[in-house]
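Each chain gets a letter, A, B and so on, in the order the sequences are listed, and its residues count up from 1.
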2 protein chains.
Amino acid sequence: MNDSLSRKQREIRQREGEILNHAEKLLHDHGFHGVTMERLAELTACSRGTIYQHFTNKEDLCAAVCLDNSSQLVELFQRAVTFDGESREQIVAIAIAHWLFVSLNPTRFRNFQSIMSSAFREKLPAERETQLFQREETLFKLVTRPVQKAVDDGKLVLHQFHSVAEVVMSLWAHSFGHLYLLTTHIPFQDLGVEAPKGVLFKSSHTFLDGLGWQPLAADFDYRSTFERLQQELFAPEFTALHPPQTAQR
Amino acid sequence: MNDSLSRKQREIRQREGEILNHAEKLLHDHGFHGVTMERLAELTACSRGTIYQHFTNKEDLCAAVCLDNSSQLVELFQRAVTFDGESREQIVAIAIAHWLFVSLNPTRFRNFQSIMSSAFREKLPAERETQLFQREETLFKLVTRPVQKAVDDGKLVLHQFHSVAEVVMSLWAHSFGHLYLLTTHIPFQDLGVEAPKGVLFKSSHTFLDGLGWQPLAADFDYRSTFERLQQELFAPEFTALHPPQTAQR
DNA sequence: ATTTTTTTTGACACCTTGTCAAAATTTATC
DNA sequence: GATAAATTTTGACAAGGTGTCAAAAAAAAT
């Protein structure tokens, strides 16, 4: 009977996964508005009522999808901080991880912003809100590591900034701002920016130089850092981003 | 008869203004979801159908409100670039203008992001889309001025960056990222950032130093720049932000 | 006054969310 | 294995939203 119980239980768990997968697809293909309980129920072969057994409302459902999606970002950040090299190289690795995530999943990135809107979060049950905060914290703490390391190693001396956390916040804001602007459809080319996608990296190094984070851009071959990241740590992602001459089609 | 015609015409124009004002209030108080054609019609004392005479749909209406709101930002930027001083001081003035705008109107700032989402822009008529782009361009060009001036004066030498536009994009991304994060409800205090609001300015100077934009933070009294801006150029806004001991309530 | 043109209206069709009593199914009990 | 109890699933329902359009009302022209 314990088996039977958990059989049904497992069925329910599995269904939750199915709902999430189908919702993810709907969200990706048709946006928040395209996620309809009706359509979702049809795809999952259950009724609308059943979905409400798993998620308190549509917002909760979409937040769950985003949370699920964001684990890929966590994984990328985790990989980034394993980079064997200077602390500043690790920060560059994180920036590239962030950039890769957004480049590979622009809609996921945008969806995440939707759920950050207050209109959205207001409708979220407390539990989901907590999960979201924990995810933010996880990411924040991962970025903290190389910064703390740099301070400990004397590669970074805090002058203006009062704490490591402030530096992390700035780095985050900086990358986020760039990636956000890139995913809006503001035509930067028309505004005179030749290669908008490349600006983030120049900009990051400018900021890191401003911090005095050693070694400075001029004193180190960060181009080869980039290449190593491209060919080693993030090889699969770079390949996915720029598929080699595909034989299909 | 020409008079009569234009009388009615004027009535219609005026109504458009009324609709916009009421919509603005609804949007501010209750968010996008709280803007209901029904409620709006009631406030404006007309029928839902009439509103659709002015705006093709709800998105168009809200975009019009945001566009209207953003003229305050344009005005602040215009004022900022009139600052009599170093080009770098002017950039600081723009950053403060941006910060003031967001601090005074956090919801307006967030609403603007809503209309930047693709789900939203898809529903926008071409004409409104154009207006939005023009607004972005206006702001971009205003930021361009001090940067160009700095390059012309030799206060800023472009090393990494290839063009003035790239620098403007970076500055924009940087400020935007900070202001965005501040308006989400991410509890930065809990993450160890003591004064999240103050980080933007430190961060800006760090970036400007990284650019080598003269005079560097260490060689100039930017604190007094801030005070001048607070007491002169943006006095009314700072007062609105921190009202002196109010006698009311 | 009467006709033509323009503007306004609100009923209509359609869509969506979230609920809940009833039906179906699963689990427990004898 | 039959029956009772507990749990899960269902879909009709109420509520509330958008955008349309033929008809009514108002304004302008004749």
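- Put simply, the side chain of B:R48 and the base of C:dG10 share no donor and acceptor less than 3.5 Å apart.
- A straight line from CD1 of A:I51 to P of C:dT17 spans 9 Å, rounded to a whole angstrom.
- Across C:dT8, D:dT9, D:dT18, the shortest atom-to-atom separation from the side chain of A:T50 is found for D:dT9.
- Between the CD atom of A:E59 and the C1' atom of C:dT16 there is a distance of 12 Å, rounded to whole Å.
- There is no side-chain donor-acceptor pair under 3.5 Å between B:S175 and B:H98.
- Between A:G49 and A:R39, the residue anchored nearer the 5' end of DNA chain C, judged by the nucleotide with its closest heavy atom, is A:R39.
- Take the nearest nucleotide of DNA chain C for A:T56 and for A:H33: the residue whose nucleotide is more 5' is A:H33.
- Atoms CZ (B:R10) and C1' (D:dA28) sit 16 Å apart, rounded to a whole Å.
- Taking the ring centroids of B:Y180 and A:Y180, they lie under the 6.0 Å cut-off.
- Note on the helix from C:dA1-D:dT30 to C:dC30-D:dG1: angle between the axes of the first and last five pairs equals 10°, rounded to 10 degrees.
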Run the side-chain contact (heavy atoms from CB on, under 4.5 Å) check on A:H178 and A:H174 step by step: do they pass?
CA-CA 6 Å; A:H178 271 278; A:H174 186 259; 4.0 Å; yes

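- Residue B:S47 has no polar side-chain atom (N or O) positioned under 4.0 Å from OP1 or OP2 of C:dT8.
- Straight-line distance from the CD atom of A:E11 to the P atom of C:dT25: 13 Å, rounded to whole Å.
- Residues A:H22 and A:T44 bring no donor and acceptor atom of their side chains to less than 3.5 Å of each other.
- Of the candidates C:dT9, C:dG18, D:dG19, the closest approach to any side-chain atom of B:Y52 belongs to D:dG19.
- Going from atom CD of B:E38 over to atom P of D:dG19 covers 14 Å, rounded to whole Å.
- Outside the 6.0 Å centre-distance limit, the rings of A:F112 and A:F101 are not counted as a close aromatic pair.
- Residues A:T36 and A:H33 approach most closely at OG1-O, 4.1 Å, considering heavy atoms.
- One can place NZ of B:K123 at 11 Å from C1' of C:dC15, the figure rounded to the nearest angstrom.
- One interatomic measurement links the two molecules: CG of B:L61 to P of D:dT18, which rounds to 10 Å at whole-angstrom precision.
- Between B:E24 and B:R108 there is a salt bridge, since at least one side-chain N of the basic residue sits less than 4.0 Å from a carboxylate O of the acidic one.
- Across all strands shown, B:T36 has heavy atoms under 4.0 Å from sugar-phosphate atoms exclusively, and none from any base.
- One interatomic measurement links the two molecules: NZ of B:K58 to C1' of D:dG16, which rounds to 11 Å at whole-angstrom precision.
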